[in-house]
A.B. asks: 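Below you'll find the structure I mean.
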Amino acid sequence: MSAISEPQAEGFRLSQLIYDTRYRSITIQTVALILIVAGVWWLVSNTIQNLEALGRDFDFGFLGQPAGYDINQLLIEYDSQSTHGRAAVVGILNTLLVAFIGCITATVIGTIAGVLRLSKNWIVARLVAVYVEGFRNVPLLLWIVLIFAIVSESTPHPRDFAGGEASMLFNSIAITRQGTWTPAPVWGDGSLALVIIFILSIVAIIGFRMFARRRQEATGEILPVLWISLGLLILPSLIAYFILGGPVTLDYPETGRFRFEGGLLVRNSLIALWLALSLYTGSFIAENVRGGILAVSGGQTEAASALGLRPGRTMNLVVLPQAMRVIVPPLISQYLNLTKNSSLAIAVGYMDARATLGGITINQTGRELEGMLLLGLFYLIVSLAIASVGNFYNASVKLKER
Amino acid sequence: MSETGHQHALSYVRADMLPQQEPPVSHSGPIKWVRENLLSSPLNVILTVISLYVLYAVLSGLIPWFFNSVWDARSLNECREVFLATGATGGGGACWAVLQERGIQLIYGFYPADLYWRPNLTFILFFVAVAPILYSDRLPSQMLWFTALYPFLMPWLLWGGSFWVPILVIAGLVVGYLAWMVGSRIGGSILGGIAGIVFAILWWLFAVPTLNDSIHRVVGNMRVDQVVAESTARLETLGPELTGLETRRESVRDEIAELEAIKAQAFAPIEEAVEIARETAELAFYEEEGVDPETDQIGPGLRERAEEEGQHAASAAARDPALNTVRATFLNAVDGLTEMRNEVNEISSQINIMQSERSDTEALLLNIEQLPDRLEEIERLQESATTPGAISELESVQDVVSQTYTEMGRIGLTPVESREFGGFMLALIIGLSGIILSLPLGILLALGRQSDLFLINKVSVAFIELIRGVPLIVWLFTAQLLLNYFLPPGSNFDLLLRVIIMVTLFASAYIAEVVRGGLAALAKGQYEAADALGLDYAKSMRLIVLPQALKISIPGIVNTFIGLFKDTTLVVFIGLLDPIGLSNSIRSSTDWNGIYWELFAFIGLLFFACCFSMGRYSLSLEKKLNREHR
Amino acid sequence: MTAIDTDTSANIDRSAMKISDEVAIEVTGMNKWFGSFHVLRDINLTVYRGERIVICGPSGSGKSTMIRCINRLEEHQQGKIIVDGTELSSDIKNIDKIRSEVGMCFQHFNLFPHLTILENCTLAPMWVRKTPKREAEQTAMHYLEKVKIPDQANKYPGQLSGGQQQRVAIARSLCMKPRIMLFDEPTSALDPEMIKEVLDTMIELAEEGMTMLCVTHEMGFAQAVANRVIFMDQGQIVEQNEPKEFFNNPQSDRTKLFLSQILGH
């Protein structure tokens with residue numbers, strides 16, 4: 001608007017700060033900056049005053065002090081003599097563990113449910129709809145508590161196994177009210193070689209897929225990629241396993257007097273949290289998947305059919321690539337929700353980051369401010385990391401349009 | 001058509017039109033439906049079979065549990081006794097009796113029973129308030145005035161207090177508006193906006209408490225004789241009423257004791273018969289299997305079957321016609337006892353209400369009596385108060401005096417304290433106030449995020465991402481543990497209010513994203529048209545952009561509310577009594593120790609009903625908006 | 001609505017438009033229901049190789065459904081459809097065979113938005129005909145040149161105008177080298193100025209002797225190119241004739257009414 005007035009050599013008037021579009025935005029931002037700084041200063045000075053009144057300081061030194069409490073699920077070494085910092089790391093790893101396995105199962109459940117809800121099979125579609133609506137519309141916390149109650153109230157006590165009142169599944173898995181004992185893998189001599197062979201076969205699969213693609217481009221021949229990949233995935237490792245004489249064995253849980261000896265104990269807190277998170281988030285993912293498939297218009301499938309493509313190929317080449325663009329962004333935000341919701345671990349006493357860093361550590365050291373700050377920072381970093389993956393994907397698949 | 005080298009019979013005219021025909025049988029009717037919908041391919045056949053099995057497995061467990069239930073009992077144990085006496089198959093079903101006693105608590109928490117009308121009215125008025133927004137095409141726009149008043153009316157109805165408190169608060173808006181008018185006359189729209197906000201905040205922070213106190217003093221002084229007379233009269237009637245109630249309670253308790261004895265007497269023979277039948281059947285079973293339960297190791301499968309046999313025999317024994325009379329006596333006793341228990345509970349709650357009324361009235365009378373002395377003391381202290389001890393003494397006396405005046409001068413609703421709030425009411429209050437209060441902030445944040453101004457944009461983005469990146473539970477703990485650090489020393493207010501503030505901040509970030517979606521969905525032409533009409537930013541937003549963007553955002557806002565409503569259950573972790581918290585406290589009482597599924601089912605169904613219906617509504621609204629948009 | 005003026009129709013080269021005695025499509029006694037609605041009633045139609053048939057009729061008269069039955073996008077419930085000597089049944093092999101013989105263009109083009117124009121054209125040849133990539137691309141470029149948009153090959157469908165998209169759709173079908181082409185209202189979703197470019201492409205196809213079944217309301221196209229016009233109403237063939245006879249001397253009252261509505265104003 002003021003393009004013509006540019007060369008005018010008028011002196012600067014104070015009213016320009018408000019009425020001139022060139023300075024107006026600066027004025028507004030300056031005012032905003034002053035308000036924000038004042039607000040932050042107010043909060044900080046209050047905090048300092050309050051801390052002083054309580055005789056406290058702001059110090060992260062407590063992270064180096066011995067924690068003095070036990071954690072019942074460990075992914076890294078830890079005992080009650082370890083530091084609060086290490087306890088926090090144990091908790092963070094536990095959060096990441098349940099978030100990770102939760103995301104995987106939620107995706108599987110959600111994808112299956114989303115596809116089945118579109119099934120022409122009336123009864124399956126209705127049943128899945130009941131699942132989806134049932135889980136979506138009831139608080140997650142209720143599901144966690146309910147599932148925890150189911151797994152710990154309606155399962156036998158470990159001592160019942162010794163008394164013969166309960167028996168193990170396949171003689172190797174014991175579901176009890178304390179947790180589920182499963183066989184634990186024991187990595188013997190030669191297991192490294194096995195792992196290497198397994199990794200090599202995955203590399204081989206990738207290589208084979210590239211080869212198959214080149215081959216198709218050159219000669220038109222279409223190789224049975226899926227079957228050969230599956231074969232490559234399983235066969236070499238299987239053969240190696242027998243040649244090496246079974247380097248990886250399983251340590252089966254055995255009934256003791258009150259609990260089990262050996263094996264791996266998966267606590268009910270983890271199981272309940274994991275199941276509830278997967279089923280709850282799965283119901284949301286199911287809706288995303290359904291929406292994504294519906295978003296690909298029927299015309300696309302028809303056009304592919306009219307060109308002679310079989311339904312399987314149509315799915316792979318036409319429908320899925322388009323549906324993924326619609327599904328993935330909300331899927332990522334569901335992963336984000338699941339990770340944040342894993343903090344409901346508090347309901348079942350699962351030792352996640354909130355329970356160690358934001359719970360017992362705070363209670364023992366009285367460092368509420370520092371502990372909550374670190375906890376918030378952890379969640380923020382994880383959220384931003386997940387969100388940036390999502391943004392990267394969105395940018396890379398964005399449809400080109402005029 | 002020279003190129004037509006041959007003569008096919010090309011021309012054809014239909015003489016009679018064919019009528020519509022029914023499809024052949026194989027292509028219609030239930031057979032076709034089943035074939036197409038259930039058995040169209042081998043995979044579908046498998047899926048159908050699996051789903052039928054799942055359906056059977058779930059329903060065969062759930063339906064008997066649901067209908068084989070007991071409504072009249074005083075504890076989980078009594079439920080079990082009834083199951084045993086009636087020979088319920090499979091060990092009985094649901095014990096809904098817990099809902100008869102505690103259902104109302106799950107809904108209202110510990111809100112005084114005689115004041116239930118207030119949350120009910122609040123809830124009904126909420127619909128009146130949102131109706132003109134949701135049905136803007138059918139209702140007069142004047143109703144929007146009530147919508148604007150509702151946020152001020154709601155806390156008054158729920159928490160109580162004098163009727164002028166909400167009016168004083170609303171007056172803050174008028175003050176802000178006047179300051180804005182004056183400010184923009186003098187210094188333009190920016191100065192006007194700042195002046196409006198600053199004056200409104202000053203009004204709320206300083207003028208409202210002072211004015212409120214003075215009005216209470218004036219009214220209190222006017223009513224002092226009346227209050228004293230009324231209170232004394234009330235105290236006189238309260239005493240006898242209380243004694244009457246207590247005697248009645250005692251008599252009902254005596255009746256209960258009598259009936260207990262009858263119940264026990266009737267139950268004993270039934271229990272004995274059932275136990276004998278069970279044991280005999282189990283022993284007979286073991287004998288048939290050729291094992292001795294005393295000495296042999298018994299496998300779990302065998303034990304289970306033996307128990308099943310025993311259960312069968314027990315059920316049969318309980319239903320023995322010979323026991324008909326005692327069973328009827330027993331069941332009658334249980335019914336009667338439940339009724340009496342309810343009566344006792346009701347009397348007790350009345351007694352509680354009256355007792356607290358009595359102690360409140362007595363305290364008030366005492367305070368009124370001491371009022372002149374205290375006023376003198378204040379004067380004396382004000383002259384000489386220099387030491388910290390004297391200052392704090394002065395403050396405490398002032399507090400008592402102003403409380404006395406508040407009591408005396410209150411014309412309005414009985415106050416209810418936050419800690420008495422609970423159950424679904426609490427979840428609704430937190431959810432609704434969170435959404436209502438977060439709307440203005442959310443809209444500002446959305447506009448900030450859309451803004452070209454670098455600083456404002458970045459601050460909005462940072463705030464939104466910070467809130468959304470951290471779980472609600474961490475924010476709630478922040479409200480519980482840390483909020484006091486951030487506020488001026490000495491400020492302390494109740495937990496529910498802190499939670500509502502935190503939830504408001506939390507929801508505002510989500511609302512901001514929803515509104516941003518609405519702003520983005522708006523055609524660019526709308527912005528340009530507003531600019532072209534010569535409207536400034538504030539006007540174009542207020543008159544053109546926001547009304548449309550908010551309308552598009554309503555489904556998103558409803559969905560955010562659903563999410564928030566479900567998330568309110570998290571307040572249990574900071575000690576508020578939401579439905580889940582109440583279910584824990586019910587479970588920890590001796591009567592209902594070990595009751596899980598009935599409470600979960602009730603809470604789950606209530607949440608489901610609310611969330612599902614709102615979700616459907618938002619879905620239909622979305623479809624309607626999509627249709628209109630095209 | 002007649003986008004082809006007499007000028008253009010005079011220039012149409014009819015030398016290659018030979019109709020042989022060989023039967024391309026034979027439909028006998030076909031009936032179809034949607035639920036309990038009788039959408040196609042006793043359809044009998046024989047199409048000879050090289051014929052250009054225009055099908056018209058009011059909306060809901062079943063014309064689209066009929067041609068969609070010919071490549072099994074819709075399943076018919078009674079009667080017989082034989083395409084190139086192969087009878088349509090639920091046998092997948094037959095369906096595959098017929099679909100690779102019959103090309104189809106849709107009202108809304110249905111290009112694959114996630115693939116470039118070239119990839120749209122090579123997808124089916126590579127995955128159905130198992131053509132090597134280079135060969136498929138050469139064929140695709142050949143047909144893209146034919147529809148006069150070879151320079152757009154590496155763009156995405158969303159970057160093209162409606163008329164260009166429909167021409168790509170035609171090229172995409174041609175890449176499968178079909179012997180019969182079905183057109184389902186190919187111009188009705190287009191702006192008027194784009195209709196001509198698509199019709200020109202279709203005329204060119206006709207000049208090369210392609211067997212074509214075309215559902216359209218472009219009566220100018222019908223007069224200029226078709227050797228037969230079929231009028232459908234209420235799911236049945238009401239009248240068919242050579243274009244001249246059909247337009248100048250309609251027999252049935254329904255045909256007259258329809259023609260007066262579409263041409264009369």
A.B. asks: CZ of Phe34(C): more than 12 outside heavy atoms within 6.0 angstrom?
C.D. replies: yes
A.B. asks: Of the non-hydrogen atoms in Gly308(A) and Arg99(C), which two are nearest, and what is the gap between them?
C.D. replies: CA-CB, 4.0 Å
A.B. asks: For each of Leu115(C), Thr122(C), Ile98(C), Leu111(C), tally heavy-atom pairs with chain A at distances under 4.5 Å, and name the one with the top tally.
C.D. replies: Leu111(C)
A.B. asks: With only heavy atoms counted, which part of Met126(C) is less than 4.5 Å from chain A, the side chain, the backbone, both or neither?
C.D. replies: both
A.B. asks: Hey, what do you get for OG1 (Thr131(C)) to CD (Gln216(A)), rounding to the nearest 0.5 Å?
C.D. replies: 9.5 Å
A.B. asks: Can you find a pair of side-chain heavy atoms, one from Arg310(A) and one from Ile92(C), that are under 4.5 Å apart?
C.D. replies: yes
A.B. asks: Rounded to the nearest 0.5 Å, what separates atom CE in Met176(C) from atom CG in Leu309(A)?
C.D. replies: 7.5 Å
A.B. asks: Which atoms of Ser305(A) are under 4.5 Å from chain C, going by heavy atoms: the side chain, the backbone, both sets, or neither?
C.D. replies: both
A.B. asks: Using non-hydrogen atoms only, which part of Arg172(C) is less than 4.5 Å away from chain A: side chain, backbone, both, or neither?
C.D. replies: both
A.B. asks: What option among Pro321(A), Ala218(A), Ala303(A), Ser297(A) has the most heavy-atom pairs under 4.5 Å with chain C?
C.D. replies: Ala303(A)
A.B. asks: Below 4.5 Å from any heavy atom of chain C, which atoms of Ala306(A) appear? Answer side chain, backbone, both or neither.
C.D. replies: both
A.B. asks: For a quick test of reading the model, state the closest non-hydrogen atom pair linking Ala124(C) to Leu307(A) and the distance between them.
C.D. replies: CB-CB, 3.8 Å
A.B. asks: Shorter than 4.5 Å, heavy atoms on both sides: which option in Asn71(C), Asp96(C), Ile95(C) has the most such pairs with chain A?
C.D. replies: Asp96(C)
A.B. asks: Rounded at 0.5 Å granularity, tell me how far OG1 in Thr219(A) sits from NZ in Lys130(C).
C.D. replies: 10.0 Å
A.B. asks: Any idea which of Phe112(C), Phe109(C), Phe106(C) has the most non-hydrogen atom pairs under 4.5 angstrom with chain A?
C.D. replies: Phe112(C)
A.B. asks: With only heavy atoms counted, which part of Arg215(A) is less than 4.5 Å from chain C, the side chain, the backbone, both or neither?
C.D. replies: neither
A.B. asks: Counting only heavy atoms not in Lys133(C), do more than 12 fall under 6.0 Å of its NZ?
C.D. replies: no
A.B. asks: Kindly compute the distance separating CD (Gln300(A)) from NE2 (His114(C)), expressed to the nearest 0.5 Å.
C.D. replies: 7.5 Å
